[in-house]
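Working notes, beginning with the structure itself.
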Amino acid sequence: GLTCLGVTTNSKGQKTASIQRNGQKAFWTFAGPATPLFQPSAFKGVTGGSESNRLSLCLSVDGATLEQARDLDKWAIAYACQNSETLFGKKLTQEQVVDRYNGIEKKSDKYPSYIKIKVTLDSNDRNAPCFWGQDKKKRGEPENWQQATLNCHTKIVGLWFMSNSFGLSVQLQDAMVEEEPMTCPF
């Protein structure tokens with residue numbers, strides 16, 4: 001099963017806690033295909049600039065994958081409830097933990113439930129994913145993300161903490177891409 005290592009604080013004061021599965025890196029392969037809702041995008045800070053090269057990738061997924069995401073969210077909440085003094089410095093009720101939790105599953109008035117993960121598109125970054133074609137050969141990232149279907153293999157990096165919120169950090173490791181080539185409409 002999943003286990004959380006101790007909380008660490010980096011030089012910028014950001015707290016994280018790595019997650020492992022059976023003493024190894026923790027991975028999650030989606031049960032079914034995923035379709036990006038938008039192009040990957042960065043969080044824009046107060047200055048309007050992007051905070052990092054880690055982008056958010058919002059994915060429409062099938063019911064089985066959504067259930068996997070819900071199970072991960074349930075695990076994170078249960079773990080945080082059992083270890084709230086270590087993680088937050090004080091004992092929290094389940095309601096308080098749930099209020100702080102920022103889940104993988106996202107709900108919106110505009111879209112059915114979807115999941116949000118991170119992707120790094122800088123090919124020089126060691127966390128950049130590998131993209132694969134249907135022929136199982138390496139390829140570039142999708143030309144038009146919203147027209148692509150992805151089979152995703154992700155890494156469950158750990159828990160992140162920011163002021164009064166926390167959540168799971170899940171990063172795209174590999175994706176098999178199926179996409180129709182873009183054609184000129186004229």
Side-chain angles (χ1 to χ4, degrees), residues 10 12 14 16 19 25-74 76 101-160 162-163 165-186:
N10 70 12
K12 295 178 184 174
Q14 296 170 319
T16 58
I19 291 178
K25 291 178 180 177
F27 294 101
W28 168 31
T29 301
F30 290 7
T35 306
L37 295 172
F38 325 101
Q39 295 290 113
S41 61
F43 172 77
K44 302 286 188 223
V46 178
T47 60
S50 156
E51 295 295 311
S52 76
N53 62 352
R54 287 185 38 176
L55 306 175
S56 292
L57 181 58
C58 298
L59 300 165
S60 173
V61 295
D62 65 342
T65 303
L66 197 54
E67 203 51 48
Q68 288 177 319
R70 288 175 180 153
D71 287 345
L72 286 170
D73 284 339
K74 286 177 198 165
Y101 187 66
N102 194 333
I104 301 168
E105 178 185 7
K106 302 294 180 191
K107 296 179 181 173
S108 159
D109 294 338
K110 296 179 184 176
Y111 303 98
S113 288
Y114 62 94
I115 62 173
K116 184 172 163 184
I117 63 172
K118 295 292 180 185
V119 61
T120 302
L121 296 179
D122 177 353
S123 59
N124 297 320
D125 191 304
R126 65 182 175 87
N127 293 313
C130 290
F131 294 99
W132 305 90
Q134 297 297 304
D135 58 2
K136 298 188 178 186
K137 291 184 178 161
K138 273 191 173 182
R139 54 156 289 162
E141 67 185 73
E143 222 178 297
N144 182 347
W145 286 81
Q146 291 159 282
Q147 298 298 315
T149 300
L150 309 176
N151 288 316
C152 299
H153 178 68
T154 64
K155 179 180 177 189
I156 304 168
V157 179
L159 292 171
W160 57 265
M162 197 170 289
S163 62
S165 64
F166 79 106
L168 276 172
S169 177
V170 177
Q171 184 148 342
L172 186 65
Q173 253 341 85
D174 291 275
M176 185 170 279
V177 181
E178 186 178 338
E179 70 179 325
E180 295 298 318
M182 293 181 70
T183 55
C184 179
F186 303 100

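- Note: F38 and Y111 have perpendicular aromatic rings, judged against thresholds of 30 and 60 degrees for the angle between ring planes.
- A donor-acceptor contact under 3.5 angstrom links the side chains of Q68 and W28, judged on distance only.
- Q146 places a side-chain N or O within donor-acceptor distance of the main-chain N or O of L37, the cut-off being under 3.5 Å.
- Expressed to the nearest 0.5 Å, how far CD1 of I115 lies from CD1 of I104 amounts to 7.0 Å.
- Atom NZ of K107 is separated from atom OG of S113 by 5.0 Å, given to the nearest 0.5 angstrom.
- Q39 places a side-chain N or O within donor-acceptor distance of the main-chain N or O of W145, the cut-off being under 3.5 Å.
- Across all non-hydrogen atoms, the minimal contact from F166 to A76 is CE1-O, 4.4 Å.
- Side-chain atoms of K118 and S56 include a donor-acceptor pair closer than 3.5 Å.
- The distance from the CD1 atom of I117 to the NZ atom of K155 is 14.0 Å, given to the nearest 0.5 Å.
- C152 is listed as a side-chain neighbour of L59, based on a closest heavy-atom distance under 4.5 Å.
- Scored by the side chain to side chain contact (heavy atoms under 4.5 Å, CB included) test, S163 finds no partners at all (sequence neighbours excluded).
- Atom-to-atom distance recorded for I156:CD1 and L72:CG is 4.5 Å, nearest 0.5 angstrom.
- Using a 4.5 Å heavy-atom cutoff, the side chains of L172 and L57 are in contact.
- Under 3.5 Å, the side chains of T154 and Q171 contain no donor-acceptor pair of N or O atoms.
- Summarising the geometry of K106 relative to G103, their closest heavy-atom pair is NZ-O, 2.8 Å, with the distance given to 0.1 Å.
- A distance of 11.0 Å separates CG of L150 from OG of S60, quoted to the nearest 0.5 Å.
- Between E179 and T149 the shortest side-chain heavy-atom distance does not fall below 4.5 Å.
- With hydrogens and angles disregarded, no donor-acceptor distance shorter than 3.5 Å links the side chain of T120 to the backbone of D122.
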Stepwise, does the side-chain contact (heavy atoms from CB on, under 4.5 Å) test hold for S108 with Y114?
-> CA-CA 8 Å; S108 159; Y114 62 94; 4.1 Å; yes
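- D73 places a side-chain N or O within donor-acceptor distance of the main-chain N or O of E105, the cut-off being under 3.5 Å.
- The side-chain hydrogen bond (donor to acceptor under 3.5 Å, both in side chains) search around Q173 returns none, not counting sequence neighbours.
- Nearest heavy atoms, P40 versus L121: CG-CD1, 4.1 Å.
- Between G158 and I19, the closest heavy-atom pair is CA-CG1, 3.6 Å.
- In this structure, the side chain of T65 engages the main chain of G32 through a donor-acceptor pair within 3.5 Å.
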Side-chain donor-acceptor distances from residues 125-137 under 3.5 Å, at least two apart:
unit_1 : atom_1 : unit_2 : atom_2 : d
D125   : OD1    : N127   : N      : 2.7
D125   : OD2    : N53    : ND2    : 3.0
W132   : NE1    : D174   : OD1    : 2.8
Q134   : NE2    : V177   : O      : 3.3
D135   : OD1    : K137   : N      : 3.0

